[in-house]
Amino acid sequence: MSASDPIVGIDLGTTNSLVAVCDAGGPRVLPDAAGRVLLPSVVRVEATGVVVGHEARERSAGHAGRTISSVKRLMGRSRDDVAADLPFLSYEVVEGEHRTARIGVSVGGERRVVSPQEVSAWILRELKRIASAALGVEVRKAVVTVPAYFDDAQRQATRDAGRLAGLEVVRIVNEPTAAALAYGLGGGRTEKGQDRPRIVAVYDLGGGTFDVSILRITPNPDPGEPAFFQVLSTAGDTRLGGDDFDRALVERFVLAAGAGTPDAERLALLRREAERVKIDLSEREWVEASIGVPHRVTRAEFESLIEPLVRRTLRCCERALHDAGRAMGDRPVDAVVMAGGSTRVPLVRRRVGELFGLTPYTALDPDQVVALGAAVQASILSGHSREALLLDVVPLSLGIETVGGAVAKIIMRNSTVPTRATETFSTSVDGQTSIRLNVLQGEREMAADCRSLGVFALSVPPMPAGMPRLEVEFLVDASGVLNVSAVEKRNGQRASLQVVPNHGLSRDEVERMERESLEHAREDMQHHRVVDLAAASAMDLKWIGESLARVGAGLDADYRALVEGKMVALRVLVEQATRDWRSVSPDALQGAKADLERTAQRLQEAAVTASLKDASRG
Ligand code: AMP
């Protein structure tokens with residue numbers, strides 16, 4: 001992309017809009033001056049101009065008749081088309097030329113009629129301003145997304161809105177196609193085993209609407225050329241989303257508070273609290289709701305409240321699959337992409353996974369995935385797609401952080417995708433109840449020198465150090481999406497994380513990381529060895545110390561003093577290594593560790609004999 005004339009990707013949403021760009025660093029959303037990436041799709045008309053975004057949404061009270069939200073529902077439609085939406089809109093919808101829907105507002109005693117295109121243009125102009133400021137150059141071109149079911153008139157209205165905003169809409173892209181592109185699905189690569197068309201479901205559950213689309217992605221026989229995207233079917237519900245989850249909770253709150261029917265103000269308060277509780281329940285098992293009386297909501301309760309709503313979305317999925325001619329076998333599609341903020345709800349993820357028989361893609365922020373994909377499309381159109389990075393190999397090694405900040409590599413760079421590998425770990429501290437897993441990418445030996453792709457935690461019951469058996473599996477699928485899952489084998493606790501390792505990584509960055517790993521190879525190896533030896537020595541010291549405390553009294557004093565002396569020698573080295581790894585040679589550390597182990601053999605035998613005796617008595 002020529003830096004002087006960038007093409008941005010825009011997700012012009014019903015509730016929120018976003019702008020993104022894809023440059024050498026990969027796709028990213030562009031924040032406004034306050035660092036916010038979501039622009040509320042809300043406009044307030046004033047006598048002297050318009051107010052767009054956060055301020056228009058937050059200060060809508062008292063300006064109901066001239067605060068315009070959800071204008072997307074009116075784009076390119078007649079007033080008759082949108083009759084069902086009218087009760088939900090706080091402004092007046094009138095009939096314009098050719099029966100089109102127009103918006104009537106009164107400002108300063110004067111009545112004005114504006115078109116949905118104009119309102120959308122105000123939103124687009126604000127996005128253009130945000131993008132221009134973020135990129136430091138005037139943005140004049142954009143790829144804009146629309147729902148797959150938009151007809152010609154709705155698409156044309158979207159183009160016109162762009163023109164009014166001073167933006168050339170170089171391409172209108174279907175939202176599900178953009179979501180798939182953001183995950184690199186079919187982004188123009190012809191890779192081994194990828195020559196057959198792939199069927200992808202895009203499940204998009206936002207605040208107020210639900211859409212599901214089934215796509216067929218056919219690789220282009222010309223290497224390096226973009227794949228063909230075809231929308232096989234769509235289904236959905238224009239009145240179903242996270243707002244309904246909130247409403248279900250509000251009803252529960254009203255019952256629990258037992259104070260009769262709440263007035264409008266209290267209702268608004270309860271609704272805000274419901275959304276907070278819902279969002280917290282995506283991360284936690286229970287949440288204390290603040291509604292005037294003590295009221296705890298567990299995730300299980302919330303799930304039983306919303307189960308019927310989730311089931312409605314699943315029926316739409318079944319209909320879409322049927323319309324696309326896909327049988328509901330055990331694997332009706334090859335991948336499922338999640339979009340929309342409400343797909344953060346764990347029950348939604350679980351049910352969708354069960355229906356399609358595979359783990360849905362959730363690695364990218366579901367609010368951003370459509371805008372990111374629009375930016376990928378924009379960069380393909382400007383001839384600068386990130387083809388080179390959408391590889392059929394893993395460009396950089398993947399692993400996890402171990403004790404002392406070293407990296408255990410699990411999948412080596414240049415492994416062909418799909419690929420899978422497993423490794424078993426344990427704890428280093430007694431009674432640890434949570435194991436933190438830091439997923440890393442890079443060639444260096446220490447975590448601090450690699451890129452962290454994400455951190456997640458697995459809770460385990462307290463056990464002595466070294467007892468838990470933690471099996472960590474890395475799976476990179478054919479699209480390059482990494483699924484990390486961890487299971488503690490003794491109690492079956494599970495946790496997982498999904499990420500797209502290539503996101504935000506440019507070819508230059510991969511090369512730099514490779515180069516650095518070569519430059520630092522010797523030193524890094526040494527560092528890794530010292531850290532590993534120090535961790536293993538600390539475990540030895542702990543076990544031997546425990547044995548000494550238990551059976552040491554039964555051994556002769558000279559021998560005890562010998563063992564204690566070797567322990568001191570090793571402990572000094574371990575402490576030194578922890579302070580500054582360079583100050584200790586790995587060979588010295590290994591020597592002291594082996595020395596202690598050899599000396600302590602008699603002690604360990606005595607400890608085992610004592611344990612056996614205890615066991616036979618017990
Ligand atoms: P969207 O229209 O895609 O921006 O989605 C907005 C909806 O997602 C709203 O109903 C939000 O309450 C909901 N949402 C956002 N974050 C979460 C979360 N962490 N857990 C559950 N719902 C969420």
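What you see below is based on every heavy atom in this structure, not just the backbone, and it leaves out hydrogens, waters and symmetry mates. Both ligands and their constituent atoms are indexed starting at 1 by order of listing.
Aromatic ring pairs are classed by plane angle as parallel below 30°, tilted from 30° to 60° and perpendicular above 60°; the pair Y183 and Y361 is tilted.
Closest to atom 20 (N) of ligand 1 among all protein heavy atoms lies S282 OG, 2.6 Å. For atom 2 (O) of ligand 1, the nearest protein heavy atom (residue, atom name, distance) is G207 N, 3.0 Å. With hydrogens left out, the protein atom closest to atom 23 (C) of ligand 1 is G341 O, 3.4 Å, a heavy atom. Shortest contact from atom 10 (O) of ligand 1 to any protein heavy atom: K278 NZ, 3.1 Å. Looking from atom 11 (C) of ligand 1 to the surrounding protein, the closest heavy atom is E275 OE2, 3.2 Å. Closest protein heavy atom to atom 16 (N) of ligand 1: R344 NH1, 2.9 Å.
Of all heavy-atom pairs between V173 and Q377, the closest is CG2-CG, 3.6 Å. Of all heavy-atom pairs between V250 and A274, the closest is CG2-CB, 3.8 Å. Considering every non-hydrogen atom in both D367 and R344, the closest pair reads OD2-NH2, 3.0 Å. Nearest approach of A374 to T145, heavy atoms of both residues: CB-CG2, 3.7 Å.
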I'd like to know whether Y149 forms a side-chain contact (heavy atoms from CB on, under 4.5 Å) with N174, so could you lay out the CA-CA distance, the side-chain angles of the two residues, the decisive distance to 0.1 Å, and finally the verdict. CA-CA 8 Å; Y149 58 76; N174 289 321; over 6 Å; no
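No side-chain donor-acceptor contact under 3.5 Å links N16 and S41. Using modelled atom types, one finds a donor on one side chain and an acceptor on the other under 3.5 Å when comparing E118 with S115.
Near N16, the atoms of ligand 1 lying under 4.0 angstrom from a non-hydrogen atom of the residue are 4 (O). The atoms of ligand 1 that sit less than 4.0 Å from any heavy atom of G340 are 3 (O). Which parts of ligand 1 touch G242 is read off a 4.0 Å heavy-atom cut-off, strictly below it: atoms 10 (O).
Put simply, no part of G241 is less than 4.0 Å from ligand 1, judged by heavy atoms.
Under 4.0 angstrom from ligand 1, the non-hydrogen atoms of D367 all belong to its side chain. Contacts of S342 with ligand 1, taken as heavy-atom pairs under 4.0 Å, involve both backbone and side chain.
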